[in-house]
Novice: 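Dumping the structure here so I can ask a few things about it.
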Amino acid sequence: MAPYDLAGRLVVGIASSALFDLTEADAVFREEGEAGYRAYQEEHVDRTLEPGVAYPFIRRLLSLNDLGPVDDPLVEVIVLSRNDPDTGLRVMRSIQTHGLPITRAIFMQGRSPHRFMPALNMSLFLSANEDDVREAVAAGLPAGYVLGSSSALSEDDAEDRDLRIAFDFDGVLADDAAEQIYQTGGLDTFRSHEHTHAGTPHLPGPLRDFLAGVNRVQQREEERRRRDPDYRIRVHVSLVTARNAPAHERAVRSLKNWGVTVNDAFFLGGIDKGAIIGVLKPHIFFDDQMSHLAGPSRNTPSVHVPFGKANERLG
């Protein structure tokens, strides 16, 4: 039997802390340590975990596998967990109870498994453990720290299968070279530099490959619509950036040079992103600056991508 090939699939790694609400279990760990945590999880192994911040995004992403054969899924989600295999049983049973088609997992007692991402062809790893995410990003891997409370999630309409994804540009889809110019030279210097270099594509940032994977799914949707005119497109991708004219052109040209696309672009020039995100209502929003996520994360599943100079910790 040939090995299961992950090449060509959109592969996402998810920590149990991002997929489920582990608030109660985390409190036990802090108060009683690892032994108490293990005992708690084993005692509650049959109590299904409630959805966490990234749950709606993951559920909708996996639903897109109906675009292809059952034995050849477009999307693969793999659990990457600090739990040991015993305490991980509750996570896997919860996944089964919720009906999520996730069957693969890596459990590493007390250690972050992010170093296995390249071997698994992952273009994204989501976790509620900020240190794990920072370690992954420092190693050059595409990772994000999920923000917000699962209690803030809106009602999830089972009939609504759309998946709306929103990205910031600099430090997320692109590298942070332009952001560094802004930080050192100010807004006018930044705009002048981007206008002068409009024809020079940016270097890709941490989530360019993830967007490319999403685009492959969108292409499969277009193929389905050509065969079935009644098919309604479900995946929608938006760019939401503080750039505006004349700095917008380089962003657009960079996307084209990388061979990726977005459906909509919002060049806001300092307008509060939270107001736009509130109307877009994405199922996930990626940004590299915590200050831009403070508002949206109250009502929108949000992800901090701690990439670049602005996210380097002092000391």
Side-chain angles (χ1 to χ4, degrees), residues 17-18 21 23 51-61 124 126-128 130 133-134 137 142-157 160 162-176 178-180 182-183 186-187 190-191 194 205-208 210-211 214 235-248 250-252 255 262-311:
S17 60
D21 182 359
T23 304
V53 176
Y55 181 94
F57 163 67
I58 292 295
R59 184 179 69 77
R60 290 164 187 265
L61 188 67
L124 180 65
L126 296 176
S127 175
E130 185 176 10
V133 169
R134 285 185 174 274
V137 171
Y145 170 52
V146 298
L147 300 171
S149 167
S150 57
S151 63
L153 300 178
S154 60
E155 286 295 322
D156 209 10
D157 185 353
D160 175 15
D162 288 357
L163 173 58
R164 297 180 294 277
I165 304 173
F167 295 95
D168 181 30
F169 184 72
D170 296 285
V172 177
L173 296 178
D175 71 357
D176 71 327
E179 176 65 22
Q180 290 185 47
Y182 170 71
Q183 294 294 336
L187 183 58
F190 164 78
R191 286 177 173 167
E194 293 301 283
L207 297 195
R208 189 280 306 267
F210 173 64
L211 175 56
V214 172
V235 184
H236 207 88
V237 180
S238 300
L239 181 70
V240 182
T241 173
R243 286 173 177 254
N244 62 344
H248 71 295
R250 192 178 182 195
V252 174
L255 294 173
V262 296
N263 300 105
D264 307 311
F266 297 82
F267 298 105
L268 300 179
I271 296 172
D272 178 26
K273 289 183 181 182
I276 299 300
I277 293 298
V279 177
L280 274 177
K281 299 187 185 306
H283 298 100
I284 200 159
F285 170 46
F286 298 92
D287 201 297
D288 70 315
Q289 296 190 39
M290 278 288 198
S291 60
H292 294 165
L293 293 167
S297 64
R298 287 195 287 268
N299 300 295
T300 299
S302 300
V303 178
H304 178 227
V305 181
F307 175 81
K309 290 287 186 182
N311 283 291

Novice: Side-chain contact test, heavy atoms from C-beta onward, threshold under 4.5 Å: evaluate it for F167 versus L211 and give yes or no.
Specialist: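 The answer is yes, as the side chains (C-beta and beyond) meet within the 4.5 Å cut-off.
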
Novice: Looking at G52 and P56, what are the two nearest heavy atoms and their distance?
Specialist: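 Heavy atoms only, the tightest pair is O-CD, 3.7 Å.
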
Novice: Answer yes or no: is there a side-chain heavy-atom contact under 4.5 Å between L126 and I284?
Specialist: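 L126 reaches I284 side chain to side chain.
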
Novice: Hey, is the main chain of V237 close enough, under 3.5 Å, to the side chain of N263 for a donor-acceptor pair?
Specialist: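 Such a contact is found between N263 side chain and V237 backbone.
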
Novice: Should the ring pair F286 and F57 be called parallel, tilted or perpendicular, given that the plane angle runs from 0 to 90° and is split at 30 and 60?
Specialist: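 Taking F57 first and then F286, their aromatic rings stand perpendicular (interplane angle over 60°).
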
Novice: Tell me whether T300 contacts the main-chain N or O of S302 through its side chain, where contact means a donor paired with an acceptor under 3.5 Å.
Specialist: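 No.
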
Novice: For H236 and D264, does a side-chain donor sit closer than 3.5 Å to a side-chain acceptor?
Specialist: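 Distance-only check passes for H236 and D264.
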
Novice: For V305 and L207, work out which heavy atoms get closest and say how close.
Specialist: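 The answer is CG2-CD1, 4.1 Å.
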
Novice: Quick one: closest heavy-atom pair of P296 and I277, and the distance?
Specialist: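 Taking P296 first and I277 second, the nearest heavy atoms are CB-CG2, 4.0 Å.
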
Novice: If you look at every heavy atom in N311 and F307, which pair is closest and at what distance?
Specialist: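 Reported closest heavy-atom pair: ND2-O, 2.9 Å.
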
Novice: Is it true that the side chains of H292 and D272 contain a donor and an acceptor less than 3.5 Å apart?
Specialist: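 Per modelled atom types, H292 and D272 side chains form no pair under 3.5 Å.
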
Novice: Can V214 and V235 be said to form a side chain to side chain contact (heavy atoms under 4.5 Å, CB included), step by step?
Specialist: CA-CA 8 Å; V214 172; V235 184; 3.9 Å; yes

Novice: Say you draw a straight line from CG of D168 to CZ of R243; how long is it, rounded to the nearest 0.5 Å?
Specialist: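 Going from CG on D168 over to CZ on R243, the span is 9.5 Å.
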
Novice: Of all heavy-atom pairs between A128 and S17, which one has the smallest distance, and what is that distance?
Specialist: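 Scanning both residues, the minimum pair turns out to be N-OG, 3.0 Å.
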
Novice: Distance-only, no hydrogens or angles: does the H304 side chain make a donor-acceptor pair with backbone N or O of Y145 under 3.5 Å?
Specialist: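 A pair under 3.5 Å: no.
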
Novice: Do V146 and S127 touch side chain to side chain, with heavy atoms closer than 4.5 Å?
Specialist: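 A side-chain contact under 4.5 Å is absent here.
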
Novice: Apply the ring pair (Phe, Tyr, Trp, His ring centres under 6.0 Å) test between H248 and each candidate in F267, F169, F266; give the one that qualifies.
Specialist: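 Single ring pair (Phe, Tyr, Trp, His ring centres under 6.0 Å) partner of H248 among F267, F169, F266: F267.
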
Novice: Please round to the nearest 0.5 Å and tell me the distance separating atom CG of N244 and atom CG of L268.
Specialist: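 It is 8.5 Å, given to the nearest 0.5 Å.
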
Novice: How many angstroms lie between CG in L280 and CD1 in I165, if you round to the nearest 0.5 Å?
Specialist: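 Separation between the atoms: 12.5 Å.
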
Novice: H283 and D162: which non-hydrogen atoms are nearest, and at how many Å?
Specialist: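 Smallest heavy-atom distance, with atoms named: CE1-O, 3.2 Å.
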
Novice: Less than 4.0 Å between a side-chain N and a carboxylate O, is that true for K273 and D287?
Specialist: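 Result for this pair is yes, salt bridge flagged.
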
Novice: If you round to the nearest 0.5 Å, how far is CZ of R208 from CG of D175?
Specialist: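 Those atoms lie 11.0 Å apart.
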
Novice: Determine whether L239 and L255 satisfy the following criterion, side chain to side chain contact (heavy atoms under 4.5 Å, CB included), listing intermediate values before the conclusion.
Specialist: CA-CA 11 Å; L239 181 70; L255 294 173; 4.3 Å; yes

